[in-house]
Each structure stands twice: as C-alpha cells, then as structure tokens.
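Encoded as structure tokens, the structure appears first; notes follow it.
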Amino acid sequence: MNQKRNFYINGQWVAPAKSNDFAVIDPSSEEQCAVISLGDQADTDAAVMAARQAFASWSQTSKEERITLIRRLAEVYNDRSEEMAQAISVEMGAPIDLSRASQVGAGAWHIQGFLEAFEHFEFERDHTSSEKILLEPIGVCALITPWNWPMNQIVLKTIPALATGCTMVLKPSEIAPLSAMLFSEFVDEAGFPAGVYNMVNGDGAGVGSQLSAHPDVDMVSFTGSTRAGIAISKAAADTLKRVSLELGGKGANLIFEDADDKAVTRGVRHCFQNSGQSCNAPTRMLVQRARYDAAVETAAEVANATRVGPAAEQGRHIGPVVSELQFDKIQKLIEIGMSEARLVAGGLGRPDGLNRGYYVKPTVFADVNNQMTIAREEIFGPVLSIIPFDTEEEAISIANDTPYGLTNYVQTQDDEKRRRVARQLRSGMVETNGVGFAKGSPFGGYKQSGNGREGGIYGIEEFLEIKAVSGWAAE
C-alpha cells in the first residue's frame with residue numbers, strides 16, 4: 001500500500017497533527033491504491049504560518065531569482081514526467097497515453113507559457129514623469145485544485161504565484177492527491193526556500209473551508225464546481241480576501257450547415273475526451289436543421305466506436321470516471337435523459353465486458369431541447385446532447401441560455417459569420433473550427449463559470465496588487 005500521510009510544510013514532509021486516514025481509490029479497479037491523511041485546523045494553521053513567515057523575504061526576491069527557480073522546476077518536471085503520468089493515470093483514471101501527452105503535457109506547456117510571459121513582464125511602470133505604478137505580490141494564497149486535470153490546474157495556480165513573489169498553501173483534491181504530492185517533491189528538488197510553497201491534503205469541508213476563511217490568507221484561487229465556488233466566496237467574504245474562481249460549464253458547439261465534414265466527429269470526440277470530465281467540454285451540440293439527421297447518425301457512430309477500458313491500457317480510448325459518487329451521478333442523469341429525449345447511443349450501466357471500475361458508456365441523446373435537465377446540468381461524463389436549430393439568431397439564443405459561460409464552439413466556413421457569432425456568445429472563450437488556443441491565452445468564464453483568468457500574462461496579473469507612488473522622480 002502506498003503510504004502518503006505526510007504534508008509538505010515549511011520545506012519539510014511532516015506528519016499530520018492527528019490521524020485521519022483517507023483511502024485513495026483506483027477508478028479502473030475500485031481497489032485502494034494509496035492512503036493519505038486529511039488535515040485539520042492545526043495543519044492548516046501551520047502551513048499558513050509558514051507561508052506568512054516566508055512572504056517577507058520571498059516577496060522581495062528579484063524577478064531573475066524567481067525565473068531561475070521556475071526554470072529549474074520545469075527541468076525537474078520534465079525529467080520526472082513518467083512518474084507524474086503514472087500517478088495521474090492511477091488516481092483519476094486517465095488512460096496512460098492521454099496522461100503522458102495531455103495531462104502531464106498540459107503542465108509542461110503552461111510552465112513554458114508562464115516563463116515566456118514573465119520574461120517581458122514589468123513590475124514597475126511609469127504613469128507620469130514623476131509617478132510610478134508598482135505591481136506587487138498579493139500575499140499568502142490558498143490554491144484549491146480539482147481532480148479532473150490535476151497538473152493543468154496546479155501549474156496554472158502555483159507558477160504565477162511563485163513568479164509574482166507570493167507564498168502559498170496548495171490543497172489538492174483528496175480524491176486524486178498523488179500527483180500533487182509528487183509535484184511537491186518537484187518543488188522541493190528545485191530548491192525553493194522553505195515556506196514559499198506548502199501542501200496540505202484535506203477535503204472541501206475541512207481544509208478547504210479553513211483556508212477560505214483564514215485571516216492570514218490574502219487570496220483564494222479555486223477550480224471546481226459552481227456550488228463549491230459559491231461556498232468559498234461566502235467563507236472568504238468576512239475577511240474580504242480576493243477570490244478567483246474557475247467553475248463549471250455547459251459548452252455549446254454551434255454546427256452550421258456549412259461546417260466542415262469533420263465538425264461533428266471532432267465535436268463528439270472532444271466531448272468524450274478525459275471521459276467527459278472537463279469543464280470546457282462541448283456537451284451541447286447545436287446543429288442546423290439541414291445537417292441535423294446526418295449529425296445524429298454520425299454522433300451515434302462515433303460514440304459506438306469509442307473504446308472504453310482501464311487506464312493502464314495503451315491506445316486511444318477513454319478510461320473510467322473518477323469515483324463511485326461521480327459514476328452514480330452520471331447514471332442518474334442518463335436515466336433522466338432517457339425519459340426526456342431520444343437515446344441514440346450508450347445508456348445505463350457499464351460497457352460490455354467491464355464489470356468492475358467506474359466505466360460509463362459513451363452516450364448520445366438526440367431531439368433535446370434546452371430546457372431539459374440534460375441540457376441544463378453539468379453532467380461531467382461522456383454524455384452528449386444534440387439540439388436542432390434553424391437560424392443563426394436561434395443558435396446564439398440557445399447557446400447563451402445557460403447559467404454557465406466558460407467555453408463555446410463555432411463551426412462554419414463563413415468567416416464573417418464565425419466572427420459575428422463569436423462576438424455574441426457570452427463566454428470567456430470561443431473556439432472556432434477546431435483551432436486550439438495559443439500558449440498564454442486567458443482561461444476563464446462569464447456568469448456562474450467564475451471570475452478571473454488563468455494562463456500567461458492574465459494569470460500573472462491575478463496574483464498582483466497595484467500600488468501608485470507619487471513623486472517617484474521628484475529628485
């Protein structure tokens with residue numbers, strides 16, 4: 001059994017203040033793969049105190065010193081990437097090839113993106129000939145991360161915090177904590193000063209709430225559900241700390257009649273990637289009437305051809321969803337969908353031949369309208385809803401008729417229409433014609449998908465306070 005009970009506090013691996021074991025489950029087998037400890041108030045306080053004490057010196061280090069250490073961290077990350085890929089694959093069920101290429105790859109990609117953005121970032125800016133604007137680290141940051149893209153989210157928070165001179169306490173998801181513990185080893189190996197980076201395992205109700213309300217925490221950066229984001233905002237309100245949130249989504253994929261031939265296949269595969277466990281997944285496919293019947297047929301074919309299997313198997317397939325709780329939630333929503341719409345692929349239960357593990361059949365519903373439960377709720381599994389539309393205006397109206405606003409998608413070969421529609425979609429990101437976003441693009445959403453942005457210059461600015469100083473050049 002993998003014993004991982006200790007926390008990383010003030011540059012040391014330390015035992016929890018009191019025993020509170022928590023089993024980490026391999027979703028491919030439903031077997032226990034590790035045991036961690038959940039922290040309590042004493043552990044949270046120790047980590048925050050270490051960060052607070054380290055802030056005075058770390059915040060005054062030079063940009064060059066911080067860049068050197070982050071480059072060293074990037075080297076360690078890349079050198080130990082296979083360890084990270086294995087950890088993520090076991091803890092949250094990402095197929096090993098996906099884990100290596102996308103899960104671990106996302107972390108490396110974002111580190112490089114931040115280094116490129118940070119290289120030219122100015123912390124002192126002239127406002128007038130005698131007035132200076134200083135951008136300074138906000139202070140001690142609580143970083144609370146999810147299980148679905150562990151390194152993507154940990155890197156998007158820790159690297160800009162480190163780059164700006166902040167100190168931090170990371171609380172990863174207790175469901176998938178092994179990758180975060182390995183990342184903590186990377187930070188230690190890179191040689192960051194004690195107390196700059198700390199990590200405490202715990203659940204949302206425990207360590208998560210303690211950090212959100214802690215008087216010595218200056219900022220909370222959280223990625224997870226909208227429900228949890230609301231709770232964190234309320235807990236943080238009493239101390240008026242900054243709260244940055246990256247929350248849920250219910251992305252619409254607008255496929256117009258002049259879309260390219262691969263648009264539907266591309267959209268289905270994107271929805272199912274990572275077993276549908278992505279907040280920016282295009283889970284509502286809006287198809288113009290002339291293409292609708294063919295799109296439903298294609299989507300069903302792609303779903304039926306999507307292989308499902310254990311995370312350790314190589315190849316292009318989807319793995320299990322992360323937990324029994326998640327599996328049960330998805331099954332309930334599929335059941336609701338079967339009473340609302342027309343099931344054209346997948347459905348209830350595990351795929352044939354898989355009797356153990358949290359495997360979900362790739363599922364497609366047709367004849368969905370936007371008021372159905374499956375079109376409103378974030379299912380967070382490999383479940384696609386297909387909705388017909390007639391006009392451009394109707395498609396935009398349907399796409400925007402959601403409490404979420406993270407990512408939408410547009411497929412059309414008419415460039416003017418593509419830009420016109422993108423301008424009207426109420427979301428933080430709009431991906432068009434399958435073209436991915438560049439390194440350093442701002443990631444984040446409108447409405448109940450959160451506030452703030454991650455990545456590149458935008459992500460760096462989240463961790464800074466702005467100070468105006470008059471008379472700078474008076475002498």
Side-chain angles (χ1 to χ4, degrees), residues 249-273 275-276 278 280-308 316-318 330-331 333-349 351-352 360-402 407-414 417-418 421 425 431-434:
K250 194 68 180 177
N253 186 6
L254 283 62
I255 299 180
F256 289 92
E257 59 184 345
D258 64 342
D260 67 87
D261 293 340
K262 297 180 180 178
V264 173
T265 297
R266 184 169 63 240
V268 178
R269 287 177 176 167
H270 194 166
C271 176
F272 292 166
Q273 185 193 32
S275 303
S278 299
N280 62 348
T283 53
R284 291 182 296 151
M285 181 178 283
L286 280 53
V287 184
Q288 198 154 22
R289 194 78 61 178
R291 292 274 298 266
Y292 181 74
D293 290 340
V296 170
E297 185 176 340
T298 298
E301 289 172 356
V302 174
N304 290 328
T306 300
R307 189 167 66 88
V308 183
R316 185 172 181 172
H317 65 286
I318 66 174
I330 295 165
Q331 294 299 307
L333 285 165
I334 289 174
E335 186 175 19
I336 290 170
M338 291 170 67
S339 70
E340 292 181 320
R342 176 163 59 101
L343 180 71
V344 297
L348 292 169
D352 292 343
V360 176
K361 294 177 183 177
T363 297
V364 178
F365 289 104
D367 304 343
V368 177
N369 70 60
N370 205 49
Q371 301 313 309
M372 292 178 180
T373 301
I374 53 173
R376 307 301 298 178
E377 292 197 22
E378 186 180 35
I379 299 173
F380 231 59
V383 181
L384 176 68
S385 297
I386 308 181
I387 302 171
F389 71 89
D390 292 302
T391 67
E392 180 180 320
E393 293 73 20
E394 183 187 9
I396 293 167
S397 177
I398 294 170
N400 287 337
D401 180 19
T402 172
T407 312
N408 286 307
Y409 302 78
V410 179
Q411 322 293 333
T412 175
Q413 296 182 70
D414 181 336
K417 178 166 64 178
R418 180 167 54 86
V421 171
L425 293 173
E431 180 183 299
T432 71
N433 291 344

May I have the step-by-step check of side chain to side chain contact (heavy atoms under 4.5 Å, CB included) for E297 and D293, ending in yes or no?
CA-CA 6 Å; E297 185 176 340; D293 290 340; over 6 Å; no

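Few gaps surround CD on E393; more than 12 heavy atoms of other groups in view lie less than 6.0 Å from it.
For the pair K250/R284, a side-chain contact is recorded, criterion being any heavy-atom separation below 4.5 Å from C-beta on.
Annotation: the span from L343 atom CG to I334 atom CD1 amounts to 8.5 Å, rounded to 0.5 Å. The OG atom of S385 sits 10.0 Å away from atom CG of N369, with the distance rounded to the nearest 0.5 Å. To the nearest 0.5 Å, the span separating CG on L333 from OG1 on T363 amounts to 11.5 Å. Between atom CD of residue E340 and atom CD1 of residue I374 there is a gap of 5.5 Å, rounded to the nearest 0.5 Å. From D258, atom CG reaches atom OG1 of T412 across 3.0 Å, with rounding to the nearest 0.5 Å.
For F380, the ring pair (Phe, Tyr, Trp, His ring centres under 6.0 Å) partners are W147, not counting sequence neighbours. With sequence neighbours left out, the side-chain contact (heavy atoms from CB on, under 4.5 Å) criterion links A399 to A252, L254, L286, L425. Applying the side-chain contact (heavy atoms from CB on, under 4.5 Å) criterion to T407, with sequence neighbours excluded, gives N280, Y409, M429. Scored by the side-chain contact (heavy atoms from CB on, under 4.5 Å) test, Q288 finds F256, E257, F389 as partners (sequence neighbours excluded). Taking R342 as the reference, V296, V344, A366, D367 meet the side-chain contact (heavy atoms from CB on, under 4.5 Å) condition, with sequence neighbours excluded.
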Using residues 266-273 as the side-chain source, report each donor-acceptor pair under 3.5 Å to any protein atom, sequence neighbours left out, with the distance given to one decimal.
unit_1, atom_1, unit_2, atom_2, d
R266, NH1, D260, OD1, 3.3
R266, NH2, D260, OD2, 3.0
R266, NH2, Q411, OE1, 2.7

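Summarising the geometry of E394 relative to D390, their closest heavy-atom pair is OE1-N, 2.7 Å, with the distance given to 0.1 Å.
Judged by distance alone, with hydrogens and angles left aside, the side-chain atoms of R291 form no donor-acceptor pair with the main-chain N or O of V264 at under 3.5 Å.
Between Q371 and D401, the side chains place a donor N or O and an acceptor N or O closer than 3.5 Å (distance only, hydrogens not considered).
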